[in-house]
Amino acid sequence: PYQSSYCIAYAWVMHDSDHNIAPKLRLGLRIAALRTSKGMSQRQLALMLELDRVTLNRIESGNANPTFETLLRIATGLGAELEEFFEDLT
């Protein structure tokens, strides 16, 4: 249920043709959707990345300004390219 809620939210945001959703939230939901597609919880990913789970939650919720280094660590941990996080974001 938790995973599917992120996927539903991600699908809704990505199909918002007017792009009314804040870029930080779009980025966060994209990260969350990728994480859940890998079957990982926030806690699991945070532990793997040695990142505070609250920080990861804030990023996924669009309530943080992650550094380039943090985004790179997340992408690497998810086996993704950093560019995937930013496709069609604006």
Side-chain angles (χ1 to χ4, degrees):
Y2 180 71
Q3 291 180 351
S4 63
S5 64
Y6 270 115
C7 292
I8 291 167
Y10 175 74
W12 175 73
V13 166
M14 292 300 113
H15 288 95
D16 176 42
S17 60
D18 295 328
H19 299 288
N20 292 325
I21 308 302
K24 286 194 307 186
L25 179 56
R26 293 170 66 90
L27 171 65
L29 288 173
R30 185 169 285 174
I31 291 169
L34 186 56
R35 173 183 56 74
T36 57
S37 75
K38 304 278 185 183
M40 298 178 75
S41 68
Q42 283 183 345
R43 183 176 183 273
Q44 289 170 320
L45 181 59
L47 285 171
M48 184 176 77
L49 300 176
E50 297 180 0
L51 183 69
D52 183 62
R53 191 204 60 80
V54 173
T55 300
L56 181 58
N57 179 272
R58 292 187 69 235
I59 292 168
E60 290 185 357
S61 300
N63 294 315
N65 292 311
T67 64
F68 174 80
E69 291 80 12
T70 298
L71 290 174
L72 188 57
R73 285 171 54 199
I74 293 170
T76 301
L78 292 172
E81 296 293 325
L82 187 59
E83 294 83 16
E84 291 177 55
F85 291 169
F86 299 98
E87 290 174 358
D88 303 321
L89 205 58
T90 57

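Excluded from the calculations below are hydrogen atoms, water molecules and symmetry mates; all remaining heavy atoms, backbone and side chain alike, are included.
Two residues are said to be in side-chain contact when any heavy atoms from C-beta on lie closer than 4.5 Å; Ile74 and Leu34 fail this criterion. Taking 4.5 Å as the limit, some side-chain heavy atom of Leu27 sits within range of a side-chain heavy atom of Leu71. You'll find the side chain of Glu87 reaches within 4.5 Å of the side chain of Arg30, heavy atoms only.
Nearest heavy atom pair, residue Arg35 against residue Leu78, reads CA-CD2, 3.7 Å. For the pair Ile59 and Thr70, the tightest heavy-atom approach, listed with the atom from each and the gap, is CD1-CG2, 3.9 Å. Contact detail for Leu25 and Ser61: the closest heavy-atom pair is CD1-O, 3.6 Å. Nearest approach of Asn65 to Lys24, heavy atoms of both residues: OD1-CD, 3.0 Å.
Rounding to the nearest 0.5 angstrom, the gap separating the CD atom in Gln42 from the OG1 atom in Thr36 is 10.0 Å. Atom CE of Met48 is separated from atom CZ of Arg73 by 10.0 Å, given to the nearest 0.5 angstrom. In this structure, the separation between CZ on Arg53 and CZ on Arg43 is 9.5 Å, given to the nearest 0.5 Å. Once rounded to the nearest 0.5 Å, the distance linking OG1 of Thr55 with CG of Leu49 reads 11.5 Å. With values rounded to the nearest 0.5 angstrom, Ser41 atom OG is found 9.0 Å from Leu56 atom CG. Note that CG of Leu45 is 7.5 Å distant from CD of Glu60, once rounded to the nearest 0.5 Å.
Heavy-atom contacts from other residues, nucleotides or ligands closer than 6.0 Å to CD of Glu81 number 12 or fewer.
No single ILVMFWY cluster, assembled from side-chain heavy atoms under 4.5 Å apart, contains both Leu29 and Val54.
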